[in-house]
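Both counts, for ligands and for their atoms, begin at 1 and track the order of listing.
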Amino acid sequence: MARSEISTIVQTTCPYCGVGCGVLAEPNPDGGVIINGDPAHPANHGRLCSKGAALGDTVSLDGRLLHPEIHGRSAGWDEALDLVAEKFRETIAQYGPDSVAFYVSGQLLTEDYYVANKLMKGFLGSANIDTNSRLCMASSVAGHKRAFGSDTVPGCYEDLELAELVILAGSNAAWCHPVLYQRIARARESNPKMKVVLIDPRRTASADIADLHLAIAPGTDVWLWNGLLVYLFQNGFVDHTFLEHHTQGYSTALAAARSASPTIPAVAQACGLPDNDVANFFHLFARTEKTVTMYSQGVNQSSSGTDKVNSIINCHLATGRIGRPGMGPFSITGQPNAMGGREVGALANQLVAHMDLESSQDRERVRRFWGSPAIAARPGLKAVDLFRAVEAGQIKAMWIMATNPAVSLPDAGQVRRALSKCDFVVVSDCVRATDTTQYAQVLLPALAWGEKDGTATNSERCISRQRAFLPRPGDAKPDWWIVSQVACRLGFGAAFNYRSAADVFREHAALSGFENEGTRDFDIGGMSKMSDDEYATFAPVQWPFPDASGVGRARFFGDGKFFTPGGKARFVALKPRAPCHAVDDDFPYVLNTGRVRDHWHTMTRTGKSPRLSQHTPEPYGELHPLDADKLGVRQGDLIRVASRWGEAIVRARASRDQLGGSVFVPMHWNGQFASHGLVDAVVNPAVDPVSGQPEFKHTPVRVTLYRPAWYGLALSRRELDTRAVAFHTCMIGSEFVRYELAGERAPEAWQAWAQALLAASVQHEWLDYFDAAAGRYRAACLKDGRLEACFFAAPAPVAVEREWLASLFLHKELAISDRAHLLAGRPPRGQEETGRTICACFGVGEKSIVGAIQTQKLSTIAEIGTCLKAGTNCGSCVPELKMLLGERYARKSA
Ligand code: SF4
């Protein structure tokens, strides 16, 4: 069936972040897809961010893995599945069940996750299954279990709107959870009493709505929250009734907090903050009952991440602010279905349906339900340890599903060594060429977003359907089917004879309710008898949902009942710990990693979208201007960021938003898009001892200027082979690909070199210009008057108007004036320079916005919207628009 033959609007869910927005997808006759937000979805009420709005750009079949492959040759499903089953069977027979492993992903749907976890823990007899959600929110899971006895998110998104104080702790929600951020921003606009505090070493886009920004020293969160616990006690803000009836361990936790953070000045000193800011924060928290602390990777991704989570929860327990409207600690997940993974127990130390792997009673219950021979009796290896065990030869067969660990895990060089040594690597994915697939003996083609059916759970426990609206391409299959087929070949057919995702979901729901009787938080037993039609049409619902006649529940713990043995929440006594690796003379800067606004994870999807790629076209390292001066680094230079584990080379940016002594590098760039942009090769592999979550936010590094012999820029209608160039990045645009280049030796003959790079032939018209004195070379290649490619090289970073050059590729024939200015790299007089794209939806650049602000005296976001449309669709660029307005005021008043 051709893609254009399906034509109805389908309600589905965004596959990116943990907000879990509802999407309306409408395939159109030309093979594209019209994407809109779903007004009926409770997470987003019709809004989408820039990434969600651009989903239609990512569904093409370019680069897809469409057929099984064995050692690089196409194979049939039977041959590939037989081989996988045989290798796993042989390996287990020879070396035991712990010699095999699965590494899975928050990109999987719950049904896929469930089947993979069932096969490993229930039938292969090992718990060596871990998920890339380990990198995202394992510390929250561990913190929840320590405090609540269960991995329960107590609140819901509405709480963020009902709150009078929202604390964004280690969360750049404006870029990482944009629709939720916009809900907070709108609530703040309509409620003048509402305050927002941002706790983050960087002044991120989320500072736009913050009344107070605490630029906390990296890794010092526990000192801060311990200090708050002491302050609440000293100033009479503790809810003693709640403490007495519903909690335990308060005195010990308070004593521990007092010894580390006795006074505001002590806290301020430990956290590198002004006394006043700490006092203001404590004052606000203490006096605002409706307080939500929303936290994310800045808290979780730390060698003391679990302690940070518990330090936040301790303060909410001390004030009894949990489980009631407008209050509570609130972990927001990075991935679309991290919560679904938690439900099915896909972390190596979890059992399915929020049961305990360490409880023999729980294991026996699951064994009876599954009819399995035995449940793995001890936790498996967590992600970082798992890949160490692969390198050490303890794990000999590994199956990686829907994730790219060669890019995303810390010490990525170690991961690559491990995969290259592993006897047998299987990768099931929808993308053919990732940094990880190159290590696989067997590749299994999985369905992608838009083609697969199932469910995902967002950060507020809301289960939504992801529905197929495109036909299945090539031989691609659902992940749950692929795993079940291997299970059948291993002799477990009776337990894996699913016909559909609905079959898997019903079993998952039934297990959650099996012998539950309210003893476990996760219970969706009310959905276990859904018909196929009901499964096809069900509307988003929050768990728990134990009874088919009931409704989902928005909040937990408002009744003061927790899932610990005594039913009381537990305070955790916390002794703050510094990050694992301290800066020193050799590595004096702290590397912090994170997301940019318009890319997702390792760019295998968002990298296909021209409009998403424009906002941040290449990897960068952001430094404080004083540090940049000290290092002799100017805006646009290339810098080398090196640690004990590896190095990356990225474009330098100087910004006062960055704390002195630190450098921020985004996490996304893989080997397909940058030769030296792999920042996780630099990140240290230290992990939290409780959660196993890596310390992505704190690696000691050395930053130095990278001095190539020349810098280059190429734009081409076709992809170029840049492998021979020492440094290169690439960005997919509309009708062009853009390459930033740098070489360590200038070619002897620029013209011949550039003609080879741009694949120019006698059919092309060649224009060029060489300034020997300045060492500058510029060239363009045209065919029948149409621009095919252009190239600029200089001994300093190439200063041309990139967006204007890119726009020339949209023309069938160059205008005379454009042609005359082509080698100058700037538009003719009278044509506007647009600058770096700020608004991805309407392609509006920074220079256009600044120009309009100045010439038309625009002073509000609404005026910019009316004038340029910027900011009027998804709203993701609004913080940057405000910054541009603010910059204007700063310049005027200077
Ligand atoms: Fe997708 Fe954006 Fe919604 Fe996240 S906030 S789910 S990325 S549309």
(message) So E343 and Y114, do their side chains get closer than 4.5 Å, heavy atoms only?
(response) no
(request) Cation-pi check, R202 to F664: give yes when NZ or CZ is under 6.0 Å from the six-membered ring centre and within 45° of the ring axis, no otherwise. (result) yes
(request) Please list, in chain and residue-number order, the protein N/O/S atoms closer than 2.8 Å to atom 4 (Fe) of ligand 1. (result) C17 SG
(message) I want to check a possible cation-pi pair here: R651 against Y620, using under 6.0 Å from ring centre and within 45° of the ring axis as the test.
(response) no
(message) Between D211 and R188 (salt bridge meaning N to carboxylate O under 4.0 Å), is one present in this structure?
(response) yes
(request) Compute whether any side-chain donor of one residue and acceptor of the other, for T602 and H668, lie under 3.5 angstrom apart. (result) no
(request) Give me the ring orientation class for F522 and H354: parallel if the planes are under 30° apart, tilted from 30 to 60°, perpendicular past 60°. (result) tilted
